[in-house]
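Keep in mind that the numbers below use all heavy atoms, side chains included, and drop hydrogens, waters and symmetry copies. From a predicted model like this one, the values you see are computed outputs, not experimental measurements. Numbering of ligands and ligand atoms starts at 1, following listing order.
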Amino acid sequence: MTEQFDVIVVGAGAAGMMSAIEAGKRGRKVLLVDHAKKIGEKIRISGGGRCNFTNIHTHPSKFISNNPKFVISALKQYTQNNFIDLIKKHNIKFHEKKLGQLFCDESAQQIIDMLLLECEMAKVVLKKDTTIDDIDKQDDNYFIVVGSDKYFSQSLIIATGGLSIPKIGASKFGYDIAQKFGLKVIETLPALVPLTFSEKILAICKELTGLSVEAVVSFKKTFFEEGMLFTHRGLSGPSILQISSYWKLGDNIKVNLSPKLDVDKFLNDRKISSPKQDIGIIVSEILPKRLAHIICNENNVNGNICELSNKVLTSLSNSINAWVINPIGTEGYRTAEVTLGGIDTEEISSKTMMSNKHPGLFFIGEVVDVTGHLGGYNFQWAWSSGYVAGQYA
Ligand code: FDA
């Protein structure tokens, strides 16, 4: 069987559904294809099941790309407020958790249901559980091959996402298609991902598993002040996930475990005001007890503070205000929220998301070399880039 469409969208995730809806609303005959049995799985598991669907502080500075200006046009054409309006139109209740992050009050499933309903209203033909055997171009038409069937279209939108969480359908399909059409792909890496450590630091992490502290985690000039979590595999929590998108293998990261306090000054003041106080008790005033205990042990300090030299106190305070550690890797795509790198933005128009070399071929969402910070920015990129492609496909 063969069938002609105006637009074929491959990948019915956040970006793909948005582009299909928008193209459908323009009266285009749209086919939306996904190999997954269940649509929108990443949306469903996002934000702890409540989907952090956007961030009210969305701004180009919250995105990482070889070309940091690439996102400006799409984010302007479809803003966080446009998506909030859509959510309101569907009576989905939401709240700001922190730092401008908007979550559903009830469930991420509401976002999936909303997108599926919008697809239906825009007369999008949805084929799930469908394996695409080949994609190619014939004259001015693109086509996909599904078993013995062939579907043709003027426009083809690739929205197959990144490599994170392969067990719910992530694949390298989008990158392969880009390469097939001669488009450059920037090396991909897991991002927004927990960091792993060699024995000495790992032993500390294991001992402190489950403990969460507010910390400033920095890599070179980039830093994030958010929660940090010790786990039996290493370090996690928002500040670590954020810095993982910047950290490079072989380099150190710096952790300030008590960002609000100049610990060196604090300890020196204490040495004068309470010379007979135990150092362990003093440190546990600024850090959780278990962490204070380990830090004192690691620094070989105990006894009354007056017995410790200023040099020892400075070294102790450095391990609290500026703990320098060397990750040996990440937990990889198995747990990464997103993928760094992807289709080189030089290959795509930032205004339309269409390939510069191949008119009618679009790339949107996470498959493109655009990665948002943690906090709803990645979905906003999916909505914005999806909207834009939907206007031009
Ligand atoms: P997405 O991955 O959503 O969709 C791609 C689709 O393509 C999938 O449906 C897949 O099945 C399909 N596909 C892949 N290969 C195919 C093939 N060969 N043939 C056919 N179909 C194929 N972001 C955020 O802003 N807020 C949040 O709260 C979270 N939370 C979060 C939690 C977890 C656990 C993860 C893993 C990720 C997040 N994210 C997030 C990131 C966010 O989920 C992600 O950036 C977007 O889903 C990307 O949208 P896309 O549509 O580009 O890809």
Original post:
Is Gly47 in polar range of ligand 1, meaning some N or O pair under 3.5 Å apart?
Top reply: yes
Subject >> Per-residue contact class, Asn52 against ligand 1 - non-hydrogen pairs under 4.0 Å >> reply: both
Subject >> Distance in Å, Trp247 CH2 paired with Ile253 CD1, rounded so as to fall on 0.5 Å steps >> reply: 8.5 Å
Original post:
Heavy-atom contacts under 4.0 Å between Ala170 and ligand 1: side chain, backbone, both, or neither?
Top reply: neither
Subject >> Protein heavy atom at shortest distance from atom 45 (O) of ligand 1 >> reply: Glu366 OE1, 2.8 Å
Original post:
For atom 38 (C) of ligand 1, what's the nearest protein heavy atom and its distance?
Top reply: Glu337 OE1, 3.6 Å
Original post:
Minimum heavy-atom separation for Gln154 to Asn141, with atom names?
Top reply: N-OD1, 3.5 Å
**OP:** Report the part of Ile39 (side chain from C-beta onward, or backbone N, CA, C, O) that has a heavy atom under 4.0 Å from ligand 1; answer both or neither where that applies.
**Re:** neither
Original post:
Tell me: protein heavy atom nearest atom 8 (C) of ligand 1, and distance?
Top reply: Asp34 OD2, 3.4 Å
Subject >> atom 53 (O) of ligand 1: nearest protein contact (heavy atom, Å) >> reply: Gly161 CA, 3.4 Å
**OP:** Could you tell me whether His373 and Phe224 have their ring centroids closer than 6.0 angstrom?
**Re:** yes
Subject >> Selected option - heavy-atom contact closest to atom 50 (P) of ligand 1, from Ser385, Ala15, Gly40 >> reply: Ala15
Original post:
Counting heavy atoms only, which of Tyr333, Phe379, Phe103 is nearest atom 27 (C) of ligand 1?
Top reply: Phe379
Subject >> Distance, nearest 0.5 Å, that separates CZ of Phe94 from CD1 of Ile84 >> reply: 5.5 Å
**OP:** Decide whether an N or O pair under 3.5 Å exists between His35 and ligand 1.
**Re:** yes
Subject >> Trp381 and ligand 1 - part of the residue with a heavy-atom distance under 4.0 Å >> reply: neither
Original post:
Identify the closest protein heavy atom to atom 34 (C) of ligand 1: which residue and atom is it, and at what distance?
Top reply: Ile45 CD1, 3.6 Å
**OP:** Would you please indicate if the ring centroids of Phe362 and Tyr392 are separated by under 6.0 Å?
**Re:** no
Original post:
Counting only heavy atoms, which portion of Ser164 has something under 4.0 Å from ligand 1: side chain, backbone, both, or neither?
Top reply: neither
Original post:
Who's closest to atom 32 (C) of ligand 1 heavy-atom-wise, of Ala159, Ala14, Ser46, Ser19?
Top reply: Ser46
